[in-house]
Amino acid sequence: MEPMDIVGKTKEDASLPKATMTKIIKEMLPPDVRVARDTQDLLIECCVEFINLISSESNEVCNREEKRTIAPEHVLKALQVLGFGEYIEEVYAAYEQHKLETMDTVRAGKCSNGAEMTEEEALAEQQRMFAEARARMNGGVTGPPKHQDSEAEQTLNS
């Protein structure tokens, strides 16, 4: 990808937080494995490129359906079209988990009278979320229920 491939954005504007990505990379590997900095940079670039690819295809799916807003089912369909169908169940499970966590956060925010998390609470929450992500990546989550009437499946099968 050229530095100006994303309309109005330079390459530096379209990146992911290096510290966060490095942490994710290191957490997914055994403790005795080291990763060279240029390899970390390459992995980050691959993630950005993957996001661009999925976003672009999701937009195409959305346009074919004559919709103006990309919805989760468009992303799932894009994964299928691009040959990543084997990941759809895992992605769907992560999406469902995100919805649950978002609802819990919204409810907690309403109950707490607008009080924000302390730095320690935020760090503990981040660690919990990383642990859940690791569990999902290591096979801890099986995916969405396999119902024929699932909205996501209907969208993917059409």
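Worth knowing before you read on, the calculation uses all heavy atoms, side chains too, and leaves out hydrogens, waters and symmetry mates. When a residue number appears, it is its place in the shown sequence, counting from 1.
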Could you name each residue pair satisfying salt bridge (charged side-chain N to carboxylate O under 4.0 Å, His left out) that touches residues 24-42, not counting sequence neighbours?
Lys18-Asp41, Glu27-Arg134

Minimum heavy-atom distance between Leu29 and Val33, given as atom pair plus value:
CD1-CG1, 4.1 Å

Nearest atoms (heavy-atom pairs only) where Ser15 meets Val48:
CA-CG2, 3.9 Å

Can you give me the closest heavy-atom contact between Ile70 and Ser58, atom names plus distance?
CG2-CB, 3.8 Å

Should the pair Arg128-Glu132 be classified as a salt bridge under the 4.0 Å nitrogen-to-oxygen rule?
yes

Looking only at heavy atoms, what is the nearest atom pair of Ile88 and Leu76, with distance?
CD1-O, 3.6 Å

Separation between OG1 (Thr102) and CD (Gln97), nearest 0.5 Å, reads 9.5 Å

Is Val81 reachable from Phe50 through a run of hydrophobic residues whose side-chain heavy atoms are each under 4.5 Å from the next?
no

Give, for atom CD of Glu73 and atom OH of Tyr92, the distance between the pair rounded to the nearest 0.5 Å.
9.5 Å

Sorted by chain and residue number, the ring pair (Phe, Tyr, Trp, His ring centres under 6.0 Å) partners of Tyr87 (sequence neighbours excluded) come out as none

If you take all heavy atoms of Gln80 and Gly85, which pair is closest and at what distance?
OE1-CA, 3.7 Å

So the salt bridge (charged side-chain N to carboxylate O under 4.0 Å, His left out) pairs with at least one residue in residues 53-64 (sequence neighbours excluded) are Glu57-Arg64

Quick one: does Ile25's side chain get under 4.5 Å of Thr39's, heavy atoms only?
no

Does atom CD of Glu121 have more than 12 heavy-atom neighbours, drawn from other residues, nucleotides or ligands, at distances under 6.0 Å?
yes

Val75 and Phe84: same hydrophobic cluster, using ILVMFWY side-chain contacts below 4.5 Å?
yes

Check whether Ser56 reaches the backbone of Asn52 with its side chain - one donor and one acceptor, N or O, closer than 3.5 Å.
no

Spell out, yes or no, whether Ile51 and Ile44 are grouped together once hydrophobic residues are joined by side-chain heavy atoms under 4.5 Å, including indirect joins.
yes

Nearest 0.5 Å please: distance from the OG1 atom of Thr22 over to the CG atom of Leu16.
11.0 Å

Which heavy atom of Glu90 sits nearest a heavy atom of Arg136, and at what distance?
OE2-O, 3.6 Å

Measuring from atom OG1 of Thr118 to atom CD of Glu125, what distance do you get when rounded to the nearest 0.5 angstrom?
11.5 Å

ILVMFWY cluster, Val91 and Leu53 together (side-chain gap under 4.5 Å)
yes

Could you tell me the separation between the NE2 atom of His74 and the OG atom of Ser55, rounded to the nearest 0.5 Å?
13.5 Å

